[in-house]
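First comes the structure, then the notes that go with it.
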Amino acid sequence: ILFESGLFCFFLQLKLSMNNLNLSDVKTAVDKAVSMMSSLWSELEAREKQITQTERRHSQIDSIHEVKLKEQEQKLIAKFNEKETEFNNMIRRHQHEFAKSATRGGGDDAPSSPVIRLNVGGTVFTTTKSTLMMSPDSFFSGMVSSGVWEPDTE
């Protein structure tokens, strides 16, 4: 558009001043218009190159972000699957313990593991070995499974 409007202005000026111009003035005006058009063309090429480079950079950045998002998604899916497996294993353990308890009559009448009484500062707590072992990283689980601690036989 700049090119066309610049050319239009040049030819309009040329036509208006045709009567007053000699041949060398016309040649000077044409050379000036060609120089202006050449300059505009160079500027357009430079801008086109700049746009192409910017688009290429944006494409590279988009690709990098896409890869990072895929990696994060894969990590989250793996973590979710791991937690889901842990949860399913815990459910299976509890179902198994419940089934064992149910086959023995269940309830408080026939516990599925030995009854343990804990005297904590004069207060007696009653529980089962399986309850103390439910959390493998707990103090009580370590105490019961170590073999160092021997419960009273009473």
Side-chain angles (χ1 to χ4, degrees), residues 1-104 106-108 111-114 116 118 120-121 125-149:
I1 294 173
L2 284 175
F3 178 76
E4 290 175 0
S5 64
L7 211 62
F8 174 76
C9 289
F10 165 73
F11 282 115
L12 182 62
Q13 285 177 346
L14 185 63
K15 188 173 184 180
L16 291 175
S17 59
M18 197 68 152
N19 297 337
N20 300 335
L21 292 178
N22 62 30
L23 190 56
S24 83
D25 290 340
V26 171
K27 183 181 179 324
T28 302
V30 168
D31 288 344
K32 185 176 179 182
V34 168
S35 173
M36 183 178 77
M37 289 185 289
S38 177
S39 174
L40 287 172
W41 186 256
S42 295
E43 186 178 330
L44 284 174
E45 285 179 329
R47 286 185 182 177
E48 182 179 5
K49 183 178 179 182
Q50 190 177 31
I51 289 169
T52 302
Q53 289 172 345
T54 300
E55 287 174 343
R56 194 174 300 129
R57 276 195 310 269
H58 284 233
S59 178
Q60 290 169 344
I61 290 169
D62 288 347
S63 295
I64 290 168
H65 285 194
E66 188 175 322
V67 167
K68 286 182 179 181
L69 284 173
K70 284 285 185 191
E71 288 172 356
Q72 287 176 346
E73 179 185 30
Q74 289 172 350
K75 286 178 184 177
L76 286 173
I77 288 171
K79 188 157 188 110
F80 173 80
N81 289 337
E82 178 184 322
K83 293 298 180 184
E84 183 181 35
T85 300
E86 287 177 20
F87 178 75
N88 288 334
N89 289 339
M90 183 180 71
I91 294 293
R92 275 191 225 101
R93 277 195 315 271
H94 287 294
Q95 287 172 337
H96 179 71
E97 287 176 18
F98 180 75
K100 273 180 27 179
S101 175
T103 58
R104 292 184 179 169
D108 294 330
S112 62
S113 68
I116 296 178
L118 300 170
V120 180
F125 296 91
T126 304
T127 188
T128 63
K129 182 177 178 180
S130 63
T131 300
L132 293 176
M133 300 293 286
M134 276 184 167
S135 180
D137 295 331
S138 72
F139 169 78
F140 291 111
S141 178
M143 185 173 66
V144 172
S145 64
S146 71
V148 175
W149 178 74

What's the spacing between Met90 CE and Arg92 CZ if we round to 0.5 Å?
11.5 Å
Is there a side-chain contact between Met37 and Val34, using heavy atoms and a 4.5 Å cut-off?
yes
Show your reasoning for whether side-chain contact (heavy atoms from CB on, under 4.5 Å) applies to Ile51 and Glu55.
CA-CA 6 Å; Ile51 289 169; Glu55 287 174 343; 3.7 Å; yes
Please give me the minimum heavy-atom distance between Ser135 and Ser141, naming the atom from each residue.
O-CB, 3.2 Å
Should His94 and Met134 be marked as a side-chain contact (heavy atoms from CB on, under 4.5 Å) after you check the CA-CA gap, both sets of side-chain angles, and the distance that decides it?
CA-CA 9 Å; His94 287 294; Met134 276 184 167; 3.5 Å; yes
As an exercise, state the distance from CD1 of Ile77 to NZ of Lys70, rounded to the nearest 0.5 Å.
8.5 Å
Working note: Phe140 + Leu118, criterion side-chain contact (heavy atoms from CB on, under 4.5 Å); need CA distance, chi angles, decisive distance, verdict.
CA-CA 11 Å; Phe140 291 111; Leu118 300 170; 3.9 Å; yes
Note: Lys68-Glu71 ion pair, threshold 4.0 Å (strictly below):
no
Which is it for Glu82 and Lys79 under the salt bridge (Lys or Arg N to Asp or Glu O under 4.0 Å) test, yes or no, and what are the steps along the way?
CA-CA 5 Å; Glu82 178 184 322; Lys79 188 157 188 110; 5.8 Å; no
Starting at CD1 of Ile64, measure out to CG of Leu69 and round the result to the nearest 0.5 Å.
12.0 Å
Please say whether more than 12 non-hydrogen atoms of neighbouring residues, nucleotides or ligands are located less than 6.0 Å from CD in Glu84.
yes
Assess whether atom CD of Gln53 is packed by more than 12 heavy atoms of other residues, nucleotides or ligands within 6.0 Å.
yes
Between Lys49 and Glu45, does any side-chain N to carboxylate O distance fall below 4.0 Å?
no
Examine distances only and state if a side-chain atom of Ser35 and a backbone atom of Asp31 form a donor-acceptor pair shorter than 3.5 Å.
no
Nearest 0.5 Å, what's the CD-CG distance between Glu86 and Asn88?
10.5 Å
Roughly how far, to the nearest 0.5 Å, is OG1 of Thr126 from CD1 of Ile116?
10.5 Å
